[in-house]
Structures are given as C-alpha cells and as structure tokens.
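Only a predicted model underlies this, so the values are computations on that prediction, with no experimental measurement involved. Proteins get letters first, then strands, A, B, ... in listed order; numbering begins at 1 in each.
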Amino acid sequence: MSEEKKAYDPKEAESAMYALWEQSGFFNPDNLPRKNGKPFAVFLPLPNITGNLHMGHALNAAVTDILIRYHRMRGFDTVWFPGTDHAGIAAQNVVEKELKKEDTTRHKLGREAFIARVWEWKKKYGDIIMGQFKTMGASFDISRTRFTLDPGYAAAVADAFVHYHKQDLLYRAYRTINWCTRCATGISDLEVDYKEEEGVLYYLKYGPFTVATSRPETKFGDTALAVNPADERYKKYIGTEVEITTLDTAEEGKIVIVRLPVVGDEAADMAFGTGIIKVTPAHDIADFEIGERHTLPMMQVIDARGKMMNAGRFDGLKVSEAREKIVSELRAAGLVEREEKYTRNLAICSRCSTAIEPLPSRQWFLKMERLAKATLNALEKGETNIVPDNFAAPYKAWLENTRDWCVSRQLWWGHRLPVWLCTKGKEDDYVVAKEKPAACPHCGECVMTQTEDVCDTWFSSALWPFAGLSDNDLKRFYPSQVLITARDIINLWVGRMVFSGLEFKGAVPFKDVFIHGTVLTKDGKRMSKSLGTGIDPLTLVEKYGADATRFGIVWQAMGTQDIRFDEAAVVAGRKFANKIFNASRFVIGRVGTAPRTEIDMTKATPADVLVLGRADVTKKAVEKHLAVYEFGQALHVLYDFFWHDYCDVYIEEVKKAPSSEADAVLYALLVGSLKLLHPFMPFITEAVWQELPHAEQSVLMVADWEK
RNA sequence: GCGCCCAUAGCUCAGUGGCAGAGCGUUUCAUUGACAUUGAAAAGGUUGAAGGUUCGAUCCCUUCUGGGCGCACCA
C-alpha cells in the first residue's frame, strides 16, 4: 500500500493474494498449521466441462468459500474438493455441434475418433471453469481435483455397476422408455422436461367405442383398449374382444377390421375424453405399464429416429407427417368423430428440447425400492438434514414414488458399461464383470465384446463424495459436513448421492444439504444465456473486483430466497472494499510499526467500551448466522459494525478526542474485523493483513478466528 | 390436481406479537486531515386484500388476489 494511492485497486491485489495463498499450501489440509481435530469437508457440486461460470456457480462458490475459510480459521481440518464432470450427453452434444460446423458427424468420424475429439475438448475447456472459480477466490484444494472419467473414478463406477448387479438391484429389460430421437439415446424420467403445447385431441371411432387421443399415428401400435373397471358404461366389455374398423396399412382408401381385447385398468380415467384408452404399450410409458399388468403384446411402429415402421405404406414418414396423413385419411373414412383443441404438456429432452418419443428399448435399470427406502430412512432419522426443510417434502415424495432408474445410455462419451456380450449367442447372453471374461460362458468359444452403451452421467456423479478418493481421505473426510447446491438437482443428484453413499460406504455422504436460492434477473426472470438475460459474474469481477462481486451476491443472499440480482449491491461491495482499505490505512498510519496490543480496560472511555462491546456482539451474531447458513444476514451485521460503529463513530471519536487506549483499541478491532471479514471478502482483507506491522500469522487465511 | 415459496420505502430486500429498517436512488448541508468510492441529515410506508385470535398483528390463523417454483396427470 503506497501512500499516494487513495482507492483500493482489486485487480492487482487479487491475483497477488491468490498466488500467495497457493504458495502457502494451506488450501491443502495436510499443510494446515493448527488443527482442532475435527474435519470440515465440502464437495464442490460438479460443474460440467462444457460450462462457464454463471451466477449460480458464483453464489455457490461464494457461500461455500465463506464456510470453508471460516472453518479453516477456526482450526478445522478443512478441505474443499473440486472437480469436473464429463457430462456425458451435454459434452457429446457440444462436440457434435462443433462437428456440424465442420460439416461432419460423429458417425462419419467413428466412435474412437469422436471420443478423442471430446477429450481434446476436455483438455481445452475442462479447466476453464476451475480457473473461474479461482478468480472468485475459491479456496479449494486443486491437488485433490478429480474428473469423473479419471481411471480411479472409472474403476469405482464399474465397481458400483458390478456391485448392484450382484446384489440383484440391476437388471436388463426390454421396455418402453423415454427416447430422444436427436440425442439418439434413452434418458431417465428426471431428464425429461415438459412444455405446454397447443394440440388437437382427436375423437376416433374404435368399433363400438369412441376413443380420444392426441397421437393418432400410434394407432397401428394399439394392442388393446382399456376402461376403468368401475366404469358402468363399459364394464361389460372387459375381457371381450371388439372389432375395430381402421385404415389398411397396405392400400390407401381401404378399410380393414382388426380385433382388440378390452382390459379393465385403473389407469383409465372415467372423466377424461370418453373414458376409454387406446393402449399402445410400445409408445407410451403409462400404456406400457398397462401392458405389463395385462401381458399385452408390444407393437413398435416408430423407430429410434422418430420415423414410422411396421406401418406399411406409412413407413419412413416422420411422426408429424404420418399424423397429418393418417388423420386426413381417417376423416375421409368417417372415422373421426370430432376434433378438440387441447393444451398438453409435451415431453421434451432436457438437453436439447427435442420431443421425447417413448420407445421400446433394451436398457439397464437400477431397482429403486430398497435404495429409495434407505434414503428415506436416512432423512427420517435425521442423518441427512435438508436446509431449508420445505425442500424435504418434494424430496420425500420423489423417493416414495420413484420408478426404477434407467442407467444405460446410447452415447459414446461416458463410462462404458462393464457388460460383455456373447458374439455368437442371442441378445440376452451377457456377462457383467469389471474385466473382460477369458471365455464366454454362454457359447464357450466366442470372444466377448463390451457393450456399446455407457452409463448415465448421474450414475457416476452419484459417487462423487467418495469415488476416486484416497483411502486416507475417505477415512478423514467421509462423510462430509455439508453439501451446498441449488434446488434443481435435489432428486437428480442429491438423492442419488445419498443412496450411493449408504450402499457403498454405509453412511450418508453429508450431514446437511443446504439449498441456496436461485439467482434471477432483477425483474424476477430466469437468467438464461439464450434469452440474453444472464449476468456474467466474471464481467462483474473485471469491473468491480472479486471481493465486491462476492459481497454483492452474498449481500442479497438472505436466507434461502431466490435472488433478484441487483448490480447496485456489487457497487456497494466495491465501496465497502475501499472503506476497509482506507480505514486500515488510517489505523496503520496512526498506530505505527509497534502497536500496543494490550488494552487497559481500567482506562477505557465509554467510547472504547461501546465499540469493543459492539465488536463482541457482531462476532457472536456472525457465528450465529453462519451456523444456520444465513450468509447475507452475517454480512449485513459485519457491514454495519465496520462502517458505522468502527469507522463513522469510533474513528471519528478518536480523531476528535482519542482516549489513552485508542490506538490499542483501533488496532485490536482492525485485526478482529479483518478476521471476521476474511471469509466474505478474502482478497482485500488478506492484502491489508499483509501490511499489518505485527501480524500473528503470515497469512490471514489461517489466522486464529478465536484469538 | 397435490404441494412449496413470495408480496414491507421509487428499486432490491431485511426485520419484530409492543414507535417499521438497510443498500441503491432522490433532496439538503458539510468537507484541505483514512476514504467525494466520504460525512451529517431529510423526504419517502394504510407492511397485497378481507376476516379471525389478541389488551395490542406487518408478524400467528383462515380465505382471497397477484407473482414464482416443484411434482403428478395429460389416452
């Protein structure tokens, strides 16, 4: 700090301070100078290698770093584990987009070359987001970074798969699942989004009945009709077959008669449409379940690319084209009774927004019943504690109703399943094993090949709190103390980490789950890149500094409410940083190079006593707020104390009428304030600390909070 | 359909069963002294509506209105 400078310059100080911390080695808990014997570990919610830091990450990084720095100063064996996620479907899509620009496709490249391309991408962009976290001041231990495709991590994924299979929790089945025709893979229930869409509900004549459907093109896949067993209108048909007049798939204009059984099933809602469902087990998940209950055959009429098949002259048409053509022919044949406008929730792929096409497919499923029960049990026994607790209800509801998890994906980028196929046998001849079997147990002679399928990304991220950790770190840091994340991945990720932890480590992976708010635009809209409504935290750092950016975000992070982000708070943060800088300059200039550190309370004036008391109250309030994840409140308390009690009142008093103890009080409170402020604004406080004449520790980051 | 959250100053938000607060913005004044990225002060509120509990409600309860979100259904 040179005498001429009147304003704090974050740019210079921030990179210098981060370098100082890295040199100190104190991000690594092995090097910490003081330990109280208690661990404090946090696992970074895995950012994707496709990502850039956004406001959600910035909020997460800020509050996590506050807790990490706070505990480190209190002497905990503190570690923050960073890492990145290979993000199977997301990364594959990104690289596919790149290939498209080069006018090629992954299929032209072939699997091996394509995967090499994704690795190239990973090398180029994989660490960018980690660097951006550092810019925010994240004090994670980079030496403990993991990537979900690291060899050790991959081994854990394969082990988990084999384990589940041995436990009879994992099975292979031919089922109707959510299929994305663009990504060309099956996806899980949790990866499906819904969007309202105007459609038409067609009332079609089905023999003696009228059936309401929004998907007439699937009619060739019908294998039954279903009515509610309690429905007086149709009860008598249950167990019979009815004759249906329908289009001929061979010859246009020809009408044929087919026979369909009528089943009684509760899934039929008497109040919807006509109360009769056309059951298409191959192209509707609810219908598939009806089919299972009544052992109905499956008739697939739409293929993996979303085109008609097994439908004669309609084969090869896109679903939308087929629908149009079929409806117009049905109209002509007098088989459409009426058409109604109808708003429906269209299922779309959460990754690419393409309409989901339910399709029958051979996939691997993880049985959820036992795992969900264990997770629920941990919640009820208080082993996991969700903060705020109103998020526990939907979490519970999901666990109570969840279906088996489809964990296989038809992607190229990911953990290939440890499944080996007989090359001479039928489709069902396979072996689940980590290593390739020496001999095929089915035919005894073939060389088995590994399945093309890979794991759902979330299957591997579910293992994040332990996969690829050293045995020593596992003993030392598992379970971690808190998981800090956003609400949108509670089921997708948090629940799955919990049951994975219970299954593989016999304990929940974290005690608290703190769900922070979502950062919205100032007028309450979702921040979105495509809508241009996002604010880039790195731009804020560039403009105001990382401390000011952290301040601005945390200032608004009151409780767990969503944040309507107002840049004005970052401006306030910059001003506050400057205030800290200047107040420190004044105090250091006044107390000289050998400040008194003992305060003689017998000589203290009321002003001295008042400010010391306020400092004490402030510290207790900060601790109280941090204990319950009230980050914004803690910062407000600190701000009020430092700016008003310390600067406006006490320093002004000292200028007018200093007491005999004034210098000692000024210095003690500066040291104390820097400690309290450090978790929130680490750079400026560290920079000032480095200028203190008699610092107790060379680095504020590891100074004793209690002293 | 089931459930959750929110509504307080112009804006973004705290807060408390007993005189309603902050940041930013606005207005006035001050200032060679750590800081104009400052200080002192002012204006600005029927705490979304109605009802209830209470000596007393912004706070607790009910209903409504408006906004946001999650889950399910969606033939």
Can you list, pair by pair, the side-chain donor-acceptor contacts under 3.5 Å of residues 292-301 of chain A, counting residues two or more places apart and other chains?
residue, atom, partner, partner atom, Å
A:Arg293, NE, A:Asp265, OD2, 2.9
A:Arg293, NH2, A:Asp265, OD1, 2.9
A:Arg293, NH2, A:Asp265, OD2, 3.4
A:His294, NE2, A:Gly264, O, 3.3
A:His294, NE2, A:Asp265, OD2, 2.8
A:Gln300, NE2, A:Ile302, O, 2.8

Any base atoms under 4.0 Å from [X], or only sugar-phosphate, or nothing? Heavy atoms, all strands.
X: A:Asp488; value: nothing
X: A:Ile490; value: nothing
X: A:Leu520; value: nothing
X: A:Ser214; value: sugar-phosphate

With rounding to the closest Å, how many angstrom separate the [atom1] atoms on [N] and [M]?
N: B:rA43; M: B:rG48; atom1: C1'; answer: 24 Å
N: B:rC55; M: B:rG17; atom1: C1'; answer: 12 Å
N: B:rU53; M: B:rU62; atom1: C1'; answer: 11 Å
N: B:rC59; M: B:rU46; atom1: P; answer: 16 Å
N: B:rA34; M: B:rG39; atom1: P; answer: 14 Å
N: B:rG23; M: B:rA40; atom1: P; answer: 10 Å
N: B:rC69; M: B:rU63; atom1: C1'; answer: 22 Å
N: B:rC5; M: B:rA50; atom1: P; answer: 24 Å

With a 4.0 Å cutoff (strictly under), does any side-chain N or O of A:Arg564 reach OP1 or OP2 of B:rU12? yes

Would you say B:rA34 has OP1 or OP2 under 4.0 Å from some side-chain N or O of A:Lys579? no

Is it true that A:Tyr237 and A:Phe209 have ring centroids separated by less than 6.0 Å? yes

Compute the ring centroids of A:Phe551 and A:Phe680, then answer whether they are less than 6.0 Å apart. no

Only counting residues at least two apart or in another chain, list the ones meeting side chain to side chain donor-acceptor pair (under 3.5 Å) with [X].
X: A:Ser350; value: none
X: A:Glu661; value: A:Arg596
X: A:Thr246; value: A:Lys219
X: A:Thr539; value: A:Asp536

Counterpart base for [N], defined by Watson-Crick or G-U wobble contacts under 3.5 Å:
N: B:rU32; value: none
N: B:rA7; value: B:rU65
N: B:rG45; value: none
N: B:rA57; value: none
N: B:rC13; value: B:rG21
N: B:rC2; value: B:rG70

Applying salt bridge (charged side-chain N to carboxylate O under 4.0 Å, His left out), which residue pairs with at least one partner in residues 629-651 of chain A are found, sequence neighbours left out? A:Arg614-A:Asp645

Report, one line per pair, each donor and acceptor closer than 3.5 Å where one atom sits in a side chain of residues 563-570 of chain A; sequence neighbours left out.
residue, atom, partner, partner atom, Å
A:Asp566, OD1, A:Ala568, N, 3.0
A:Glu567, OE2, A:Lys543, NZ, 2.9
A:Glu567, OE2, A:Tyr544, OH, 2.7

Enumerate the protein-to-nucleotides 3-6 of chain B contacts in which both atoms are nitrogen or oxygen and the separation is below 3.5 Å.
residue, atom, partner, partner atom, Å
B:rC4, O2', A:Asn390, ND2, 3.1
B:rC5, O2', A:Gln561, OE1, 3.3

Under a 4.0 Å N-O cut-off, is there an ion pair linking [X] with [Y]?
X: A:Glu217; Y: A:Arg215; result: yes
X: A:Lys525; Y: A:Asp523; result: yes
X: A:Glu623; Y: A:Lys620; result: no
X: A:Glu289; Y: A:Arg403; result: yes
X: A:Glu652; Y: A:Lys656; result: no

Hey, which sits more toward the 5' end of RNA chain B by its nearest nucleotide, A:Leu190 or A:Leu201? A:Leu190

For RNA chain B, the residues among residues 265-273 of chain A that have a non-hydrogen atom under 4.0 Å from it: A:Ala268, A:Asp269, A:Phe272

Residues in salt bridge (Lys or Arg N to Asp or Glu O under 4.0 Å) with A:Asp284, at least two apart? none

Scan nucleotides 19-25 of chain B against the protein and return all N/O pairs shorter than 3.5 Å with their distances rounded to 0.1 Å.
residue, atom, partner, partner atom, Å
B:rC24, OP1, A:Lys575, NZ, 3.1

Can you tell me which nucleotide in B:rC73, B:rU12, B:rA34 comes closest to the side chain of A:Asn345? B:rC73

Each nucleotide N or O in nucleotides 47-49 of chain B that has a protein N or O under 3.5 Å away: list the pair and distance.
none

